[in-house]
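As the structure lists them, so they are numbered: ligands from 1, and atoms in each ligand from 1. No hydrogens, no waters, no symmetry mates; every other heavy atom, side chains included, goes into these values.
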Amino acid sequence: MEPMAMRLKGAETKLACFAPGKTRGGRGVEHPAAGYKKIFETVEELNEPIPAEIKGVIPSWLGGSLLRMGPGLFEVGDEPFHHLFDGQAMIHKFDLKDGQVTYYRKFIKTDAYVRAMTENRIVITEFGTAAYPDPCKNIFSRFFTYFRGIEVTDNCMVNIYPVGEDFYAVTETNFITKVDPDSLETLKRVDLCKYLSVNGLTAHPHIEADGTVYNIGNCFGKNLSLAYNIVKIPPAQKDGSDPLEKSQVVVQLPSSERLKPSYVHSFGMTDNHFVFVEQPVKINLLKFLSAWSVRGATYMDCFESNESMGTWFHLATKDPAEYLSSHKFRTSAFNIFHHINAYEDEGFIVVDLCTWKGHDFVYDYLYLANIKQEWEEVKKAAMRAPQPEVRRYVLPLDIHKEEQGKNLVSLPYTTATAVLNSDGTIWLEPEVLFSGPRQAFEFPQINYSLCSGKKYSFAYGLGLNHFIPDRIVKLNVQTKETLVWQEEDCYPSEPLFVPTPGATEEDDGVLLSIVVKPGAERPGFLLVLDAVKLTELARAEVNIIIPVTLHGLYKP
Ligand SMILES: CCCCCCCCCCCCCCCC(=O)OC/C=C(C)/C=C/C=C(C)/C=C/C1=C(C)CCCC1(C)C
Ligand SMILES: [Fe+2]
């Protein structure tokens, strides 16, 4: 099958019009060869960058580094990791300079990695894999290990982002790891608890043009009081001091349930507001605290679904940062990992989200044993999982008692509704922006520097076909039109948008994605797409497989 870029209109039409076996953004192609298994296999780090062979033409202005994080080691000795989010953190870099491209990768020398390498076993409990005490240690030292409790992982395989002049590889715990973005060397581990009252922060901060970082994390306070804390880390300091030293909690949002905070993976930020979506996937704190002393327990064992709360939206103002406690927005249950964008328009907050319907936890379906099965089995497993949908919610800021029972949303371009109930809650119904059976638009990106927090038109995402990443999609959030890049037996990653210098159009730029084509002579490549038409400009190929990557950044 040749690479293709396709123009489609409306989610429903495209499902009806195309022959089986072809994709149009909403219908899946088949993967009987199960080549995707290769992206979940261990690879070695490189001693030096390797040159890539370029096909096509890379825009001359595109000079910089694509840095991406993901798992690179899926077992230690004879002990396998079980979950997609357990493999040991690997940093990948494609350098583009003067029309040449090189590829480099290193394992991050986290405590979890170094100790695993030293002892040739899994030492630190990961998201879905438990570490067991060393069978070689004597009974006394095992006894003390047991009572020291399980150590929180620093396996920073989720994302990398800048803080001041520094770059940190991160997961969602309190440990972040400073790395050198040029040499990929691990510099130091930082414990966020030393600076902030949080138990962890998401891997999806918002970063303003001046470098100010905002993020959100759970905070289990004294007496097990619970909150979600929004933190602010200032930009690089004139005196050269570490911005983390000046970081602070700017606002606290309450938890819907005592002892059970919701899992939070990202949040929204407009010019004047923070948007936090409290999902029904909960962390049971009692389970979490006792898990530390239960042999074989993992983070995954601490999650549970709240089957009755639905989903709550919380708003806070940004400056001054204050929680808007009178705005009680509610809707039906969904899982939310990735916010696409949020913005203010005529007294409303528009929130675009990649959702998964229901309260059943999507991560339960991301065990490696599930996603590394043969294709027919992968499909069967995904049939039971929550179904993906890109949705737009619209939250009115001005709410008056007398408007009970009426739709408060008066924006002319959306069918999303918000109705005030007699109990003071506002019930939200979304507008569906993209939907296809078991076809997710996930790992969303936008022209962040131009559009973050602003009204926008285009979102770019990774198409997941029964959880297998097999296409890149451009979604016009205003018209719902989609364009797709797809090639047979190719497994792309999250597409990062890089704007053309001096561009005036929102989609004037390129998309960068790492693609794996397992059977090919050079099976790993950096794909450069024209973001307007989603047509291929170039690919820079290397003769090695590159394992799955989750998130990353482009450093010009
Ligand atoms: C790229 C293609 C992937 C192929 C399949 C993907 C399918 C994905 C479908 C849904 C989208 C999901 C997006 C999730 C993305 C992601 O990057 O998730 C990684 C998250 C990780 C590793 C989270 C780790 C969190 C930890 C260890 C949290 C620990 C904690 C608790 C559970 C409670 C107490 C606090 C603490 C210690 C922070
Ligand atoms: Fe994410």
Polar contact flag, side-chain donor to acceptor under 3.5 angstrom, D352-N341
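Per modelled atom types, D352 and N341 side chains form no pair under 3.5 Å.
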Does one side chain, of N155 or T110, offer a donor that lies under 3.5 Å from an acceptor on the other?
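Not at all, the side chains of N155 and T110 share no donor-acceptor pair under 3.5 Å.
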Select the closest option to atom 35 (C) of ligand 1 among F288, F127, Y263, judged by heavy-atom distance.
F288
Could you work out, for atom 32 (C) of ligand 1, the closest of Y299, F40, F175, F85 by heavy-atom distance?
Y299
With atoms numbered from 1 as shown, which atoms in ligand 1 lie under 4.0 angstrom from a non-hydrogen atom of [X]?
X	value
T171	22 (C), 24 (C)
L366	7 (C), 8 (C)
N199	38 (C)
P469	2 (C)
F303	32 (C)
L550	17 (O)
T173	27 (C), 38 (C)

In total, how many protein N/O/S atoms does one find closer than 2.8 Å to the Fe ion (ligand 2)?
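For the Fe ion (ligand 2), the figure is 4.
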Which heavy atom of F94 sits nearest a heavy atom of F525, and at what distance?
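So the minimum-distance heavy-atom pair works out to CZ-C, 4.2 Å.
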Of the non-hydrogen atoms in P254 and Y228, which two are nearest, and what is the gap between them?
O-CE1, 3.5 Å
Students often mix this up, so state it plainly: with edges at 30° and 60°, are the rings of Y393 and F334 parallel, tilted or perpendicular?
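Y393 and F334: parallel rings.
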Hey, what's the ring geometry for H31 with Y491, parallel, tilted or perpendicular (30° and 60° as the breaks)?
tilted
Please classify the [X] to ligand 1 contact at 4.0 Å (heavy-atom distances, strictly less than): side chain, backbone, both or neither.
X	result
L464	side chain
V548	side chain
E442	side chain
H551	side chain
N174	neither

Can you tell me if [X] has a non-hydrogen atom under 4.0 Å from ligand 1?
X	answer
Y363	yes
W356	yes
L462	yes
C302	no
E494	no
T549	yes
N218	no

Answer with yes or no after comparing the ring centroid distance for H206 and H339 against a 6.0 Å cut-off, counting only values under it.
no
Using the benzene-type ring in the case of Trp, are the ring centres of Y363 and F127 under 6.0 Å apart?
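Ring centroids of Y363 and F127 are less than 6.0 Å from each other.
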Kindly indicate whether the side chain of V170, heavy atoms from C-beta on, has any atom under 4.5 Å from the side chain of L201.
no
Side-chain ion pair, K232 and E208, N-O less than 4.0 Å:
no
Please determine if E488 and K517 form a salt bridge, counting it only when a charged side-chain N lies under 4.0 Å from a carboxylate O.
no
Could you go through the side chain to side chain contact (heavy atoms under 4.5 Å, CB included) check for L550 and F85 one step at a time?
CA-CA 9 Å; L550 297 173; F85 303 147; 4.1 Å; yes
Taking atom CD as the centre, does E44 end up with more than 12 heavy-atom neighbours from other residues, nucleotides or ligands that are less than 6.0 angstrom away?
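No - once you tally the heavy atoms of other residues, nucleotides and ligands closer than 6.0 Å, there are 12 at most.
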Could I get the full list of side-chain hydrogen bond (donor to acceptor under 3.5 Å, both in side chains) partners for W375, not counting sequence neighbours?
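In terms of side-chain hydrogen bond (donor to acceptor under 3.5 Å, both in side chains), with neighbours along the sequence ignored, W375 is linked to E30.
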Using side chain to side chain contact (heavy atoms under 4.5 Å, CB included), reason through H83 and L366 one step at a time and then give a plain yes or no.
CA-CA 6 Å; H83 198 273; L366 302 182; 3.8 Å; yes
Let me confirm one number: the CZ-OH distance from F276 to Y323, rounded to the nearest 0.5 Å.
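It is 9.5 Å, given to the nearest 0.5 Å.
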